[in-house]
Q: 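Please see the structure below; I have some questions.
Each ligand, and each atom within it, is numbered from 1 in the order the structure gives.
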Amino acid sequence: GGSRYEYIQVSEPRPGVGQVTLHRPKALNALCTPLITELNAALSELNASPTIGAIVLTGSERAFAAGADIKEMAPLTFSAAYTGAFIESWSALTTAVKKPLIAAVSGHALGGGCELALMSDIIYCTSSANFGQPEIKLGTIPGAGGSQRLTRAIGKSKAMELILTGRSFTGDEAERWGVAARAFPTYEALMEGALKTAETIAAHSKVAVQAAKEVVNKSQDLPLRDGVEYERRVFHSLFGSRDQKIGMQAFAEKKKAEWSHE
Ligand code: HXC
């Protein structure tokens with residue numbers, strides 16, 4: 001049998017690196033509910049895989065994702081959205097996935113597509129990528145965290161301008177504003193850059209990597225004093241890991257650390 005998935009593709013392009021490719025080309029990877037269900041299943045599986053150390057989430061050269069599925073949303077009622085907890089399942093991305101997730105964004109990343117990228121741990125993009133929160137033009141607002149995550153990333157005034165006008169921003173702007181960690185000149189360079197970074201992360205101690213991701217993410221939720229205290233507790237806890245002993249001993253012996261991932 002072929003792939004278990006209809007709307008995504010899953011691969012392991014490099015040692016320790018899982019890749020999920022959104023693949024709904026006819027709709028520019030519009031994020032219908034079944035696509036999100038598949039994405040959650042694939043990410044949970046990669047998260048549980050003992051060999052995978054980092055995950056790259058990407059779309060096509062033309063579109064990372066053009067948003068939530070407008071045709072699915074058009075007839076939705078308040079009660080159906082409310083009682084069905086519409087969009088809530090998207091949050092699994094930020095709670096169930098403990099391994100670093102790099103979004104490699106080329107082409108359109110609009111509405112829910114932009115929000116999906118913002119949920120990832122690192123955004124890499126092409127210079128010409130087309131980010132935006134155009135929901136206002138559809139008579140609605142961001143619903144998957146865009147008003148919160150974009151505002152934290154670029155500040156209130158800029159986020160307000162973008163969300164109220166629906167204007168797009170480029171990959172180069174995303175990099176300049178700190179939304180994206182890096183913008184690449186071509187799609188090929190983007191994918192190479194994302195896979196290389198994922199490979200670098202996957203070569204580190206899985207325990208330390210998971211702890212690092214956890215504490216950085218806490219900075220988005222906690223006041224500074226609580227965040228610093230949280231970091232220190234987790235830092236202390238890593239003295240209970242084998243990999244801390246392995247890493248520091250390897251340094252002392254001028255050797256390469258061979259991680260136990262324990
Ligand atoms: C459903 C979509 C879609 C979407 C594109 N398509 N975006 N279908 N939902 N979000 C479909 C089109 O209907 C079309 O299908 C096919 O994909 C190709 O799109 P075209 O428009 O023909 O391509 P192009 O002319 O190149 O324009 C690209 C585009 C445009 C600028 C990205 O498609 C566009 O504006 N899309 C909508 C972007 C948007 O508003 N996103 C936010 C959605 S709201 P057919 O069958 O006609 O060939 C949102 C809410 C988030 O995301 C809150 C909760 C998560």
Q: Strictly less than 4.0 Å: does any protein heavy-atom distance to atom 21 (O) of ligand 1 fall in that range?
A: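 No, because not a single protein heavy atom sits under 4.0 Å from atom 21 (O) of ligand 1.
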Q: For ligand 1, which atoms have a heavy atom of Gly67 less than 4.0 angstrom away?
A: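 Reading through ligand 1 atom by atom, the close ones are 52 (O).
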Q: Give the residue, atom name and distance (to 0.1 Å) of the protein heavy atom nearest atom 3 (C) of ligand 1.
A: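 Looking at atom 3 (C) of ligand 1, the protein heavy atom closest to it is Ala30 CB, 4.0 Å.
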Q: Test of understanding: clusters of I, L, V, M, F, W, Y form through side-chain heavy atoms closer than 4.5 Å, transitively. Do Met160 and Val179 belong to the same one?
A: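 No: no chain of side-chain contacts under 4.5 Å links Met160 to Val179.
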Q: Just to confirm my output: which protein heavy-atom neighbour is closest to atom 35 (O) of ligand 1, and how far is it?
A: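 Checking every protein heavy atom, the shortest distance to atom 35 (O) of ligand 1 gives Leu110 CD1, 4.7 Å.
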Q: Please check if atom NZ in Lys196 has more than 12 non-hydrogen atoms from other residues, nucleotides or ligands closer than 6.0 Å.
A: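 Open.
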Q: Which of parallel (below 30°), tilted (30 to 60°) and perpendicular (above 60°) describes Trp177 and Phe169?
A: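 If you compare the ring of Trp177 with that of Phe169, the planes turn out tilted.
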Q: Does ligand 1 have any atom sitting under 4.0 Å from a heavy atom of Glu72?
A: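 No, Glu72 has no heavy atoms under 4.0 Å from ligand 1.
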Q: Might you point out which heavy atoms bring His108 and Asn130 nearest each other, and give the distance in Å?
A: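 Looks like ND1-ND2, 2.9 Å.
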Q: Write down the atom of Ser127, the atom of Thr170, and the distance for their closest heavy-atom approach.
A: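 Taking every non-hydrogen atom into account, O-CB, 3.8 Å.
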Q: For Gly143, counting its heavy atoms only, list the atoms of ligand 1 lying under 4.0 Å from any of them.
A: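 So the atoms of ligand 1 that pass are 53 (C), 54 (C).
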Q: I need the atoms of ligand 1 closer than 4.0 Å to a non-hydrogen atom of Ile87, numbered in the order shown.
A: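 Once the distances to Ile87 are compared, the set is 54 (C), 55 (C).
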Q: Flag the pair Thr197 / Thr200 as yes when at least one side-chain heavy-atom distance between them is below 4.5 Å, and no otherwise.
A: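 They are not in contact (no side-chain heavy atoms under 4.5 Å apart), so the answer is no.
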Q: State, with a plain yes or no, whether a side-chain heavy atom of Glu38 is found less than 4.5 Å away from one of Glu6.
A: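 Yes - at least one pair of side-chain heavy atoms lies under 4.5 Å apart.
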Q: Is any NZ, NE, NH1 or NH2 atom of the basic residue among Glu173 and Lys158 found under 4.0 Å from an Asp or Glu carboxylate oxygen of the other?
A: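 No, no charged N to carboxylate O under 4.0 Å.
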Q: Quick one: nearest non-hydrogen protein atom to atom 33 (O) of ligand 1, plus distance?
A: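 Its nearest protein heavy-atom neighbour is Leu28 CD1, 3.8 Å.
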Q: Give a yes or no answer on whether the side chain of Arg182 reaches the backbone of Tyr124 with a donor-acceptor pair at less than 3.5 Å.
A: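 Not confirmed, Arg182 side chain does not pair with Tyr124 backbone.
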Q: Relative to atom 15 (O) of ligand 1, which among Lys71, Glu115, Arg24, Arg62 owns the nearest non-hydrogen atom?
A: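 Among Lys71, Glu115, Arg24, Arg62, the closest heavy atom to atom 15 (O) of ligand 1 comes from Lys71.
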Q: Do Lys99 and Asn47 have side-chain heavy atoms sitting under 4.5 Å apart?
A: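 When only atoms from C-beta onward are counted, Asn47 and Lys99 do touch, with a gap below 4.5 Å.
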Q: Do you see a protein non-hydrogen atom under 4.0 Å from atom 30 (C) of ligand 1?
A: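 It does not: no protein heavy atom is found less than 4.0 Å away from atom 30 (C) of ligand 1.
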Q: Under 4.0 Å from a heavy atom of Pro134: give me the atoms of ligand 1 that qualify, with their elements.
A: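 Matching atoms, with element in brackets: 39 (C), 40 (O), 41 (N), 42 (C).
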Q: How close does the nearest protein non-hydrogen atom get to atom 48 (O) of ligand 1, and which residue and atom is it?
A: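 Scanning the protein heavy atoms, the shortest distance from atom 48 (O) of ligand 1 goes to Lys26 O, 4.4 Å.
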Q: Do any nitrogen or oxygen atoms of Ile70 come within less than 3.5 Å of a nitrogen or oxygen of ligand 1?
A: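 Indeed, backbone or side chain, Ile70 has an N or O that close.
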Q: For ligand 1, which atoms, with element, lie under 4.0 Å from some heavy atom of Trp90?
A: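 Result: 55 (C).
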Q: Looking at atom 6 (N) of ligand 1, is any protein heavy atom nearer than 4.0 Å to it?
A: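 Yes, because at least one protein heavy atom sits under 4.0 Å from atom 6 (N) of ligand 1.
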Q: With heavy atoms under 4.0 Å as the rule, classify the contact between Met73 and ligand 1 as side chain, backbone, both or neither.
A: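 Under 4.0 Å from ligand 1, Met73 contributes side-chain atoms alone.
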Q: Report yes or no: do Leu110 and Leu116 belong to one cluster of Ile/Leu/Val/Met/Phe/Trp/Tyr joined by side chain heavy-atom distances under 4.5 Å?
A: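 The answer is no; the residues belong to distinct hydrophobic clusters.
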Q: May I ask you to check whether Gln19 and Thr21 show a side-chain donor-acceptor distance below 3.5 Å?
A: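 Present: a donor and an acceptor within the cut-off.
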Q: Have a look at Cys32, Ala68, Gly111, Ser147 and point out the one with the heavy atom closest to atom 4 (C) of ligand 1.
A: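 Looking at heavy atoms only, Ala68 sits closest to atom 4 (C) of ligand 1.
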Q: Pull out every atom of ligand 1 sitting under 4.0 Å from any heavy atom of Leu138, numbered as shown with elements.
A: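 Checking each atom against Leu138, I get 40 (O), 43 (C), 44 (S).
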Q: Test your reading of the structure: does Ala66 have an N or O sitting under 3.5 Å from an N or O of ligand 1?
A: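 So ligand 1 has an N or O lying under 3.5 Å from an N or O of Ala66.
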Q: For atom 25 (O) of ligand 1, decide whether some protein heavy-atom distance is shorter than 4.0 Å.
A: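 Protein heavy atoms within 4.0 Å of atom 25 (O) of ligand 1 - there are none.
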Q: Could you say whether the N/O atoms of Ile141 and ligand 1 ever approach to under 3.5 Å?
A: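 Between Ile141 and ligand 1, no N or O pair is found under 3.5 Å apart.
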Q: Tell me: protein heavy atom nearest atom 51 (C) of ligand 1, and distance?
A: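 Checking every protein heavy atom, the shortest distance to atom 51 (C) of ligand 1 gives Glu135 OE2, 3.3 Å.
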Q: Side chains of Ser89 and Asn40: closer than 4.5 Å at any heavy-atom pair?
A: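 Answer yes - side chains close enough.
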Q: Quick one: look up the protein heavy atom nearest atom 11 (C) of ligand 1 and list residue, atom name and how far away it is.
A: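 Of every protein heavy atom, Ala27 CA, 3.8 Å lies nearest to atom 11 (C) of ligand 1.
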Q: Any side-chain heavy atom of Gln220 sitting closer than 4.5 Å to one from Thr94?
A: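 Gln220 does not reach Thr94 side chain to side chain.
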